[in-house]
Amino acid sequence: MNFDKKSALSRSVKVQSATKSLVLIPIAVGINLIGGTLCSTLKLPLFLDMIGTIVIAVLSGPWVAALCGLLTNLFLALVANPVYLPYALVSVLCGLVTGYLIKAGLFRNKFGVVVTWLAVTLTNTVSASLITIFVYGGATGVNSTSLVTAALLATTKKIMFSVFSSSMVENLIDKAIVFVIAYLIIQRIPKKFLSQYSSSLGDDD
Amino acid sequence: MGSGEPVKSPIEKLNPLTKMLAIFCLGLATLIYPNSWLGLGIVIVLFGVAGMAHILKSFAKTIFGFGIPISLMLFFIQGLYSPKNKTIIADLGFAKLGEEGLLYAAKIVITLLVFLATFYIMNQTTYAGKMVAALTSSGINPQVGYLILASLNVVPQMHRRLDVIKEAQEARGVETTGGLWARLKAYIPLMGPVVMSSLTDAQERGMTLETRGFANTNVKRTSYIEVTTSKADTYLRAGLIIFLVAVIIISILMRW
Amino acid sequence: MQIDLQDLHFGYRPEHEILHGVDLTLAGTDPIAIIGQNGAGKTTLVKQFNGILTPTSGHVLIDGQDVTTQTTAKWSSKVGYVFQNPNDQLFLDSVRKEFEFGPKRIGMSSAEIKQRVDQVAELVELTDDLDTHPFDLDDTQKKFCTIGAIIMMNPDVVVFDEPTCGQDVHGDHLLNHIIQHLTAEGKLCVTISHDMKFVSQNFKRVIVMSQGAVQLDGTPEDVFSQTATLKTCFITPPPLTQLAQTVGFTATPFTTDAFVRAFEEERK
Amino acid sequence: MDDLAIEVKDLSFRYRQTTHAALSHVSFSVPKGSFFCIIGGNGVGKSTLCNTFVGLIPHYFLGKMDGDVLVNGQSIIDQSIADLSSQIGLVFQNPFNQLSYTASTVAEELAYGLGNRGVAREEMVTKVEAVAKLMRIDQVFDQNPLDLSGGQAQRVAFGSTFILEPKILVLDECTTQLDPMGADEIFAIVKRLNNEGITVIMVDHDMERVAEYADQVLVLADGSPVLQGAPAEVFGDPRLADFGVEPPDYAAVTQALAKRQLIQDKLGVTKDQAAALVKEGLNHAD
């Protein structure tokens, strides 16, 4: 009798935790988007739209982070501009890379954060450029990145290189700041909250 | 006017799944078809559809707002620098304008426009709740539906929260105007409370979902939003599929 | 320290005015309570005191200086504002850091900050929790952490937005103690509250807001004896006042002692 | 046994990674149809207890639970939270955390729990309209619940719980965000439901309100029950102050008057009781 109850209990705890993690996903999506909004509120020339993905990668792992990236772009496509939709792939890949590197323990010290930053910058640049080239033929319209691409193209005459380098510069700075901010925020997530989530963050009773 | 239900356009009344099918069929047909003319035709027809849906003005604004700059950029990039360029139309001095590149650019632009236009019409004429209700009744996991709707709903609320937090931190001496460095320094005091409080709120929101039976696994969910599949839906779906199949056959024949 | 509101009008949108011409002078050190139904405009009013919101017409003068002449962040050293929800203000990982944050922004010397941290922590009863994460505190303590963070900046006026919300007996007592302490230091405390018991026992001046205007302004005795006006403002007097009104006393008692005195008075 | 809505049996709970037990060895029972109030200072475990009634402990919050809670005679351990929701409903403090975030209108929000149960649409519409009328939110029926004021949103939260027709209602400081008038309106509805046979379990800091409505009061201190009884017994207990609770002003004043032999030596815990005693005392003096 007692034994039965115990096993039923441990089973249900596992099932219910799913909801607890699930509700974090829309909030992480919100954090991604609010991060971007805040940049325009403060008139900062940045995007900083990945904070939620990084936070949830720490809490729930790579695949949930990927899902969060996907939903962020889906939201942008529905509310702002459908042009963002193909770039969902970029967000998904960045979520996965961040998630797996964090899982490998790289977020525990500053050196690891730098490695994660460089890896994500590279993933973002390569995948975003490939989408810009193969989906949009090189540019998504007249914006600063497209103009840099055009200028580079006029001097170097190489499409691939031009798209890559214009995206790279922008990304390096933006992702550096995103990771610093996310790192600072994650350091400050309270224990009381964390204790209700994944066991990897603390020993079980 | 005034009393009763607002007049709904025929496009609005369609089942969201029909509209999703339209995005898929029309977009794919444009992509497969060897030249740009079919796509151009579809875009023109879609202007008519947008008119029927009473969204012509905003539709035109979106299409031209996206179409014109991207065309200029792509004609520049592909027309002048595409490695495919063999037939030279004009020599501008600093670069040569090639026909292949221009055609390629036109194809990309028109394909993107078809996707953009169909997506825009669906988005403007479909209530997100109805779309999710339609998807749920056709068998997708209710958790997926939750994620889509909750993401859409949580963001405006977080915006409002951010406004309050901005006031609250200004009252603690945080300057949100001034030099670049000062503004960058304000980022964490503003973002910190958003993240912390949202995360703690999430736990209570999960409680609410649980006590309202969200984790029920053995029941087929129902929705307050009525989703119907009318005759128009059935005919339109059949038409779209026949159209796609026809375009595939014609495209194969044309390339052959 | 004096805050003057002159014919203040305010609306988030021009066609929807929330405050319809408020004239008020807040001065001295006697603590002031602002009461009224939800949506009466209380929070909108107090947000004018440090320029979080600025009037659409009329003026707000802080010691004679127009509030619009500098930013809210600058005013924060003169007018402190404790928001209703502590989660809107707290973001650092220890109570101590929260306490130090505001003073650093306004350029307080580190020696003074250090000295004040201990004083304020004692005042808000968080001495043992200075190194605790604010989000690991319970809801009441979290509120006192926010209050402490604002008091740390040593403003002349402290505005509390519904500090009594969700407090237990001990919390109410502590709040009362903090207000008395600040008053003794020569500060002016302005408090929005729904707790009439708390208002009647701790404040010398009560301002009743309804529909974006000041309806009553006076001592608690004056205000809570105006039963007809209170009714139109959807305010119910504190319990003992209600009891006295039910049995037809002429006095307006708020405390047990006052009620007993009133009873003896009536019996004569 | 059949007449008990809730039976708490030697219940202890400690949240994961905390050293202090939130609840320790709690035992008591709530009779069906009663209006049961749980009072005590902040942080004594009142919310934890409420969360156990609806099964959030042990099924949602991680931690170590001992003992058992029976809802209508059945253990919460054997039932899922969703199963329990047809018997017991919880309303707590923050209204915006009690919305599903899946609804764009109040009507959809109210219907959400029914949808999760697979209730047919026609039945849903009837129930939604009835609940909206009961909670007086039918004027905001088509508005987005997230755009409502805190007071209205809390009514939606109430409605979303009532609509599942629980026989037991748990209210955890559910009117803290409302103004006094708004709270009174909510409690009038709650009292009506109680009169119709619904068991109400309420946590509140407003002792005048507790005295007004409760037929049983339980005082909790540091995770354990310390006093239990009818309001007149509990609020007359001299140890009350030690447990961080002050009796309602009416009780304090009638006690003080009785001590001076100005009124008869009885405790008036509600306004009506106190008024009767005071009036009688005044007449007696004439």
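A note on names: the letters A, B, ... follow the listed sequences, proteins ahead of strands, and every chain is numbered from 1.
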Query - Straight-line distance of A/Lys191 NZ to D/Thr18 OG1, nearest 0.5 Å - result: 12.0 Å
Query raised in the report: Does the side chain of A/Gln196 reach to within under 4.5 Å of the side chain of D/Tyr60, using non-hydrogen atoms?
Result: no
Check residues 45-57 of chain A and write down every donor-acceptor pair under 3.5 Å in which the side-chain atom is one partner and the other belongs to a residue at least two apart or another chain.
| unit_1 | atom_1 | unit_2 | atom_2 | d |
| --- | --- | --- | --- | --- |
| A/Thr53 | OG1 | A/Asn32 | OD1 | 3.4 |
| A/Thr53 | OG1 | A/Asn32 | ND2 | 2.8 |

Query raised in the report: If you take all heavy atoms of D/Arg16 and A/Leu194, which pair is closest and at what distance?
Result: NH1-O, 4.3 Å
Query raised in the report: Take atom OH in A/Tyr136; do more than 12 heavy atoms of anything else shown fall under 6.0 Å from it?
Result: yes
**Report entry** Any donor-acceptor pair under 3.5 Å from D/Gln17 side chain to A/Lys192 backbone
**Finding:** no
